[in-house]
Amino acid sequence: RGRKTARHAVQMVKNTMDRMKFLDNIKHKTKKREGFMVLGMHRSGTSMLAGLMVNGMGYITGGPLIGAAFDNEKGFFERVDIVNQNDEFFRLQQM
């Protein structure tokens, strides 16, 4: 049983290293991508997806970003200027 456990542990380490190499390759490939846009409905997970792309994959959003608040402690990953432009668009449409 001891050898089986040791082989299992070694395999888990190899799998983890493979995942880390995969993520590192993604980060390396995405370093040249200087922006992205996530579109979606209110409260649909767009900030979560953008956060994963920034923190997990190395994408760059630009800024300044809307900071953390009581309803989203990690921040919104939304550019202030774009949100303001969107709000103005809706105001002009009387929405």
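Applying the under-4.5 Å side-chain rule to Ile, Leu, Val, Met, Phe, Trp and Tyr, the cluster around Phe89 extends to Phe90, Met95.
In plain terms, the two heavy atoms of Glu73 and Ala68 that are nearest each other are O-CB, 3.1 Å. Minimum heavy-atom separation, Met53 to Val38: SD-CG2, 4.2 Å.
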Taking only distance into account, with no hydrogens and no angle test, what donor-acceptor pairs under 3.5 Å do side-chain atoms of residues 44-52 form with protein atoms, sequence neighbours excluded?
| from | atom 1 | to | atom 2 | distance (Å) |
| --- | --- | --- | --- | --- |
| Ser44 | OG | Met41 | N | 3.4 |
| Ser44 | OG | Met41 | O | 2.5 |
| Ser47 | OG | Phe76 | O | 2.6 |
| Ser47 | OG | Glu78 | OE2 | 3.4 |

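In this view, Asp87 satisfies the salt bridge (charged side-chain N to carboxylate O under 4.0 Å, His left out) rule with no residue, not counting sequence neighbours.
Counting heavy atoms of neighbouring residues, nucleotides and ligands inside a 6.0 Å radius, atom CD of Glu88 exceeds 12 of them.
Each of Val80, Asp81, Asn86 was scored for a side chain to side chain contact (heavy atoms under 4.5 Å, CB included) with Asn84, with one residue passing: Val80.
Ile82 has its side chain out of reach of Met37: every pair of non-hydrogen atoms, C-beta onward, lies at least 4.5 Å apart.
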